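Residue numbering restarts at 1 for every chain, and letters A, B, ... go by the order of the sequence lines. Note that the coordinates shown come from a computational prediction; the quantities given were computed from them, not determined experimentally.
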Amino acid sequence: MRSTQFDLSGKRVLVTGGTGFIGGRLVERLVLEHKADVRVLVRNFARAPRIARFPIEMVQGDVTRPGDVERAVSGCEVVFHCAYGNQGNREMQRLVNVEGTRNVLAAALHARVKRVVYLSTLMVYGTTPDGDLDEVAPRRYSGNIYADSKLDAERIAFDYIEKHGLSVAILQPTAVYGPFAPVWAVDVLQRLKTEHVILVNGGDGLCNAVYIDDAVSAILLAAVKESAVGEAFLISGEQPVTWRDFYGGYARMLGTAEMVSVSAAELLKAHYAQKRRKTKGILRETLSILREDPLIRERLLRTPEVVLLTKAGRSLLPKPIRQSLKRRIGSNSRTSRPQVASEREKPLRPMSPPTVQFYAAKTRVRIGKAKRMLGYQPAFDLESGMRLTEQWARWANLL
Amino acid sequence: MNKLKLAIVGCGAITQGIHLPVTALSNQVEVTVLVDKFLPRAHELADKYGVPVVADEYREIIGKADAAIVSLPNYLHAPVTIDLLQHEVHVLVEKPMALKTSNCDEMIEAASNTGAVLAVGLVRRFYGSSQFVKQIVENGLLGNILGFDLREGIIFRWAVASDSMFRKEAAGGGVLVDIGPHALDLLLWWLGGYTSVEYYDDAMGGVEADCELHLRLQCGASGVVELSRTRNLRNSWIIRGERGTLEVGTGFNPLIRLKTKNRDVVLAGRVARDGVADKTIQDVFRRQFDDFVDAILSHREPFVPGQEGRRAVELVETCYALRQPSKQPWMFLEGPRHGALESALP
Ligand SMILES: NC(=O)c1ccc[n+]([C@@H]2O[C@H](COP(=O)([O-])OP(=O)(O)OC[C@H]3O[C@@H](n4cnc5c(N)ncnc54)[C@H](OP(=O)(O)O)[C@@H]3O)[C@@H](O)[C@H]2O)c1
Ligand SMILES: NC(=O)c1ccc[n+]([C@@H]2O[C@H](COP(=O)([O-])OP(=O)(O)OC[C@H]3O[C@@H](n4cnc5c(N)ncnc54)[C@H](O)[C@@H]3O)[C@@H](O)[C@H]2O)c1
């Protein structure tokens, strides 16, 4: 395969979403390992300190503005499209994910870019069933704005491959964690600090996680391997782990954080019971937005209002379930560290049926295709990935 | 009495958010010229504040202004200030005073040759809390100072109008040259000069986002200064003396906690002046500006003259000269394939 691979060194490449988690790490490795000439599309300079540590070029712009994207793409041989709608309402997210991707692909075609690597997601397969999952599984809409708009964007990417012959490689990462991960590190730690995290079915469900550097290695391979063109690849760690182990890794970093096991059936019962109860419209709406999308939650969680709302959410759980949870939280404390008062104060957050399903599923994402065609080989297991994540989290003052 | 004619050179975030609102309220000055190479911004602000003249070249203020605030990207502080001082324009220059000590010397010399006032915008010296700490330490309330610890960092969100802060040639560096002048100036002002420093940062050909200094001071105290643009840190100073410990927040009008040695008694509160605390950060900048104006009118040294501004520049310059890479194990993958670090370093 070596012969059909080109070298990134000295090549001008564009990274969209370079001020974010995955794009940010990609920029670091493009500079350090590949000595590429990196340009980043920056929407807001205030988010640039991490990438500004490197000798890169920053072009101000927004993926939703075609002119900005054309300026940024012009003169680049490879485009890594990592930007996605991480804020705003549904329309705004859709605009960034769908139209933003269309703008990037159109500009790449126009500028005769040699390769586009587009970051899709496992979530384009919708609610995944138990058992093995690979790239031949059907893509499905799930009603989740993030997943559905990413699916539409992926379809546009396939269109550009088929109709215009654009050289696009598509990656579908699972849960990407590691230093600076907004959802699968910062948010998880924040939740463990501020609420009793519920482990659905004791955390027996499977977590298909991939350490950031493995995901970035796959992105880099997709940029240089000829065999990547026109294909989509699931990118995950070597083996799934349980959610118990994944959350447990973070709980251990914090020392005192406790989690509570609740069966999927109980959670669904609680959800429907709560739905029947009359609550003030606005509060319920806010709660449902909160619950809907872990990506939105990450941003919302930082505001004090949300802490109040999640507290309010606890009182929405039917009393018997609340009491049974309380007993379990209490009994847990025998096996863990002495309980501090604040542990008892932590709220429980109700879970929506899709979230329950997400955590209960025992899907095993297969990465055979990426291994075969890209030469992808994950280098991190959960233990080694978490070790680095912990060192970072301590430094980042998150523990 | 005729009002002092003031020019503001550089119409970016700090001018829009602070300098214009503050100077507009002064009844001793009249803002007569706004300068920015990006004219639309200057025009917009001139319209808003009724400033009669707009220019895209600082030299146009010569003859039109008695005094100027220089709030340009860092690399322009020294050349513009020197030129203005040589034309007898009084200057309040934003921090950092300059990027090199030798430039500071030239600025100081230009001021003394013409008698124009040179004030340095180290605004934190005007915080009531900073002056309170200075007095506590000077009066010996803490006894001999043994150690200090500053952790200052927030996930960056200053609404910069350009990328000049992130370009090495324009900014001269990253967080050290940005927050460092404020922090290190207070350290040297409160506790006196340093004898040695070790410096670590995470720049790899660009500007550092995080840095750490290990310092030893002439007074015998040693400690750490950690600055960050990517992390929310403790954001306070802890100063430990023989008789007690003082903790003071780094922000505006911070909480101060004083703890006496071996006692669990803590005094906590905020500093007030004649019973009144500052309400906004503008109040503090107003004191800085009033001091500058008063220095001009009464022919005296400003509260932070060039000699004082120079000290932090000297320490920043020394740090960059002694720079060592920070240890961030998650940054570098192991194995020969990933060993590109050394050659990537500047
Ligand atoms: N993290 C995961 O677990 C995961 C899993 C599967 C797939 N993915 C995919 O991986 C990609 C990167 O995700 P991430 O975790 O790195 O996200 P992230 O940290 O939230 O970064 C998102 C990036 O997109 C940028 N962006 C958002 N709207 C933009 C716009 N209108 N114009 C230009 N840039 C815009 C953001 O800029 P600002 O910095 O200004 O906000 C930021 O740089 C996404 O496509 C995501 O779908 C992620
Ligand atoms: N005292 C404080 O707490 C504080 C806070 C923020 C900034 N600052 C200092 O103020 C200065 C400006 O910072 P900012 O945040 O406003 O930056 P900014 O990037 O927002 O603004 C810089 C402005 O200078 C203009 N400019 C650049 N080159 C020019 C030239 N040759 N001639 C005329 N105009 C030119 C730019 O167009 C821009 O409007 C910096 O030195 C910074 O360190 C101090």
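By number of non-hydrogen pairs under 4.5 angstrom with chain A, the leading residue of Gly153(B), Pro329(B), Gly174(B), Ser228(B) is Pro329(B). Contact count against chain A (heavy-atom pairs under 4.5 Å) is highest for Met331(B) among Met331(B), Gln328(B), Arg229(B), Glu208(B). Interface check for chain B: of the options Phe380(A), Trp395(A), Phe54(A), the most heavy-atom pairs under 4.5 Å are formed by Trp395(A). Here Asp202(B) is the residue among Asp202(B), Asn232(B), Thr230(B) with the most heavy-atom pairs under 4.5 Å with chain A. For the options Ala396(A), Ala52(A), Ala48(A), heavy-atom pairs under 4.5 Å to chain B are most numerous at Ala52(A).
Taking the ring centroids of Phe156(B) and Phe166(B), they lie under the 6.0 Å cut-off. The aromatic ring centroids of His214(B) and Tyr200(B) lie less than 6.0 Å from each other. Remark: aromatic rings of Trp392(A) and Phe180(A) are close, center separation under 6.0 Å.
Within the 4.5 angstrom heavy-atom criterion, only backbone atoms of Arg234(B) (N, CA, C, O) approach chain A. With a 4.5 Å cut-off on non-hydrogen atoms, Asp210(B) touches chain A through its side chain but not through its backbone. Looking at Arg387(A), neither its backbone nor its side chain comes within 4.5 Å of chain B, counting heavy atoms on both sides. In this structure, the portion of Glu28(A) lying under 4.5 Å from any heavy atom of chain B is its side chain and not its backbone.
The two residues Glu152(B) and Ala183(B) come nearest to each other via the heavy atoms OE1-CB, 4.3 Å.
Defined by atom type and a distance below 3.5 Å, a donor-acceptor pair is present between the side-chain atoms of Asp381(A) and Ser384(A). A donor atom on one side chain and an acceptor atom on the other are found under 3.5 Å apart for Arg191(A) and Tyr247(A).
Counting heavy-atom neighbours within 6.0 Å of Glu383(A) CD, excluding the residue itself, gives a total of 12 or less.
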